[in-house]
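Reviewing the structure listed below.
Lettering follows sequence order; numbering is per chain, from 1. Computed over heavy atoms, backbone and side chain alike; hydrogens, waters and symmetry mates excluded.
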2 protein chains.
Amino acid sequence: MEIQIDIDDKVPLFTQVMEQIKQAVSSGDLAAGSPLPAIRQLASDLGINNKTVAKAYRLLERDNVIQTKGYRGTFIHPDAIENCTTDLNIWVTTELTKSITAFRHANVTDSEIRIAFADVMNTNETKGN
Amino acid sequence: MEIQIDIDDKVPLFTQVMEQIKQAVSSGDLAAGSPLPAIRQLASDLGINNKTVAKAYRLLERDNVIQTKGYRGTFIHPDAIENCTTDLNIWVTTELTKSITAFRHANVTDSEIRIAFADVMNTNETKGN
DNA sequence: TAATGTACCCATACATCATAGGGTACATTA
DNA sequence: TAATGTACCCTATGATGTATGGGTACATTA
């Protein structure tokens, strides 16, 4: 398990970590059940912050690509192969595109769309992230 | 027809202009067909920029609250009373709320939603505004 | 000539947010 | 005791978008 990080890349660090783990799962380098490095360990190896690796792990767990087992560590999810190809963001983008296209067709200003979006995001707050 | 502008209000100036004209229509102070001040005139009276008043007029015309007749000036739309109560933004907000609620329920991060939103807004560009 | 709405260029001040980091602390369990 | 994931505090930087302004110009028509 080796991860290469490019600090100068425009791609966010946590995204680079996510993509490389997913890619390792897809290529078979990481089989279901395989242990992953501890958060602090991987962050130290890559020379980046704990929180950055933790963020990548958190997102990967949400996507059911990895599993965290508390003090025992983190492992590849049993269904990782299927789940690391499905992209939640594609669905989000598709849905938003449908709505925004309709708004623009009704001559709603981009500014107005952005204002309304910001309103919705801020009034119904969510805690983390 | 008098419009009061509060520079220190957080509400944008063009919004204040829009709201007061709509309110004057609703209260009957401005009847259908009544002429509105010229853009440069009103801007001068209020001590604000031409573009700010022009923006308010542009949006009001889109909402069919006013009508511009080229060199002849701007007038209250025949159906202004009905149209100044219907708010396009309510529809936009409702639609976005539905989508965003679904995203959050699927554990999509607010950051991810914002990124996807910005992508959609920027890839399919529109010209003005 | 003068006034109308409209369009384009430029710029600035301000707010919001994503990313990333530094630090500390917690409960759990070998 | 040591390591696990996790949660919270605070900070800084860069990107982006809004609102507003200044200026110039256009075709149209009284």
Side-chain angles (χ1 to χ4, degrees), chain A residues 5-18 35-44 46-62 66-75 109-119 121-122 125-129, chain B residues 5-18 35-44 46-62 66-75 109-123 125-129:
Chain A
I5 290 296
D6 181 5
I7 302 286
D8 298 328
D9 198 330
K10 321 91 186 164
V11 179
L13 300 180
F14 77 91
T15 304
Q16 293 185 42
V17 173
M18 287 181 68
L36 270 75
I39 288 180
R40 293 171 179 80
Q41 181 63 48
L42 181 54
S44 171
L46 298 177
I48 63 180
N49 194 282
N50 294 340
K51 297 173 64 67
T52 304
V53 177
K55 182 175 183 178
Y57 275 29
R58 191 189 331 129
L59 274 311
L60 285 171
E61 184 173 32
R62 182 205 55 187
I66 68 177
Q67 263 181 333
T68 66
K69 305 198 174 181
Y71 63 96
R72 246 166 300 174
T74 307
F75 305 88
T109 295
D110 278 15
S111 291
E112 291 173 308
I113 299 175
R114 288 197 169 94
I115 303 284
F117 175 81
D119 277 359
M121 293 297 290
N122 291 335
E125 285 285 9
T126 49
K127 36 248 171 166
N129 305 105
Chain B
I5 291 296
D6 181 6
I7 302 287
D8 298 328
D9 198 331
K10 322 92 187 161
V11 178
L13 300 180
F14 78 92
T15 304
Q16 294 185 40
V17 174
M18 287 182 67
L36 269 76
I39 288 180
R40 293 172 179 81
Q41 181 63 48
L42 181 54
S44 171
L46 298 175
I48 63 180
N49 195 281
N50 294 341
K51 298 173 63 69
T52 304
V53 177
K55 184 174 183 178
Y57 276 28
R58 191 188 333 128
L59 275 310
L60 285 172
E61 183 173 33
R62 182 206 55 188
I66 69 178
Q67 264 181 333
T68 67
K69 306 198 174 181
Y71 63 96
R72 246 166 302 173
T74 307
F75 304 87
T109 294
D110 277 14
S111 293
E112 291 173 308
I113 299 176
R114 288 197 171 95
I115 303 282
F117 175 80
D119 277 358
V120 175
M121 293 297 288
N122 291 334
T123 56
E125 285 284 7
T126 49
K127 33 251 169 163
N129 304 105

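Computed from coordinates, the A:Asp8 CG to C:dA20 C1' distance equals 15 Å when rounded to whole Å. Remark: P of C:dT6 and CD of B:Gln41 are 17 Å apart, rounded to the nearest angstrom. To the nearest angstrom, C1' of C:dA3 lies 17 Å from NZ of B:Lys69. One interatomic measurement links the two molecules: CD1 of A:Ile5 to C1' of C:dA20, which rounds to 13 Å at whole-angstrom precision. One can place CG of A:Leu42 at 14 Å from P of D:dT6, the figure rounded to the nearest angstrom. Rounded to whole Å, the distance from CG on A:Asp9 to C1' on C:dA18 is 16 Å. Here the P atom of nucleotide D:dG5 and the CZ atom of A:Arg62 are 19 Å apart, to the nearest Å. Nucleotide C:dT19 holds its C1' atom 14 Å from the CD atom of B:Glu112, rounded to whole Å.
Nucleotides of DNA chain C nearest to A:Thr15 and B:Tyr57 differ in position, and the one nearer the 5' end is that of B:Tyr57.
For the OP1/OP2 pair of C:dT19 and a distance below 4.0 Å, the side-chain nitrogens and oxygens of A:Lys55 include at least one atom meeting the criterion. Residue A:Thr74 places no side-chain N or O under 4.0 Å from the OP1 or OP2 atom of D:dT4. Distances shown here put every side-chain N or O of B:Ser111 at or beyond 4.0 Å from the OP1 or OP2 atom of C:dC17. The side chain of A:Thr52 contributes an N or O atom lying less than 4.0 Å from OP1 or OP2 of C:dG21.
Checked against C:dA18, D:dT4, D:dG17, the side chain of A:Arg114 finds its nearest nucleotide in D:dG17. You'll find that the side chain of B:Ile115 is closest to C:dT19, out of C:dT19, C:dG5, D:dG17. Closest to the B:Pro12 side chain, of the nucleotides D:dA19, C:dT19, C:dG5, is D:dA19.
Partners of A:Ala54 under the side-chain contact (heavy atoms from CB on, under 4.5 Å) rule, at least two apart in sequence or in another chain, are A:Ile39. With sequence neighbours excluded, the residues forming a side-chain contact (heavy atoms from CB on, under 4.5 Å) with A:Lys69 are A:Gln67, A:Arg72, A:Phe75, listed by chain and number. Applying the side-chain hydrogen bond (donor to acceptor under 3.5 Å, both in side chains) test to B:Thr68 and every residue at least two apart in sequence or in another chain returns B:Glu61. Judged as a side-chain contact (heavy atoms from CB on, under 4.5 Å), and not counting sequence neighbours, the contacts of B:Ala38 are B:Gln41. Legend: residues meeting side-chain contact (heavy atoms from CB on, under 4.5 Å) with A:Ile113, ordered by chain and number and at least two apart, are A:Ile100, A:Phe103, A:Arg104, A:Val108, A:Asp110, B:Phe117, B:Met121. In terms of the salt bridge (Lys or Arg N to Asp or Glu O under 4.0 Å) criterion, residue partners of A:Arg62 (sequence neighbours excluded) are, by chain and number, B:Glu112.
Closest non-hydrogen pair, B:Ala43 versus B:Asn50, comes out as CB-OD1, 3.4 Å. The minimum heavy-atom distance linking A:Asn122 with B:Arg114 is given by the pair OD1-NH2, 3.4 Å.
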Notebook entry, point to check: Which dot-bracket string fits DNA chain D when only Watson-Crick or G-U wobble pairs with both atom distances under 3.5 Å count, crossing pairs get [ ], and | stands for a partner on a different strand?
Noted result: ||||||||||||||||||||||||||||||
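Nucleic acid contact class of B:Glu61 (heavy atoms, under 4.0 Å, all strands): sugar-phosphate only.
Counting only heavy atoms from C-beta outward, the side chains of A:Val17 and A:Thr52 never approach each other to under 4.5 Å.
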Check: residues 8-15 of chain A side-chain donor-acceptor pairs under 3.5 Å, at least two apart:
| residue | atom | partner | partner atom | Å |
| --- | --- | --- | --- | --- |
| A:Asp9 | OD1 | A:Val11 | N | 3.0 |

Next item on the list: Determine, for nucleotides 22-30 of chain C in 5'-to-3' order, which nucleotides have protein heavy atoms under 4.0 Å from the base (write B), from only the sugar-phosphate (write S), or from neither (write -).
Entry: BB-B--BSS
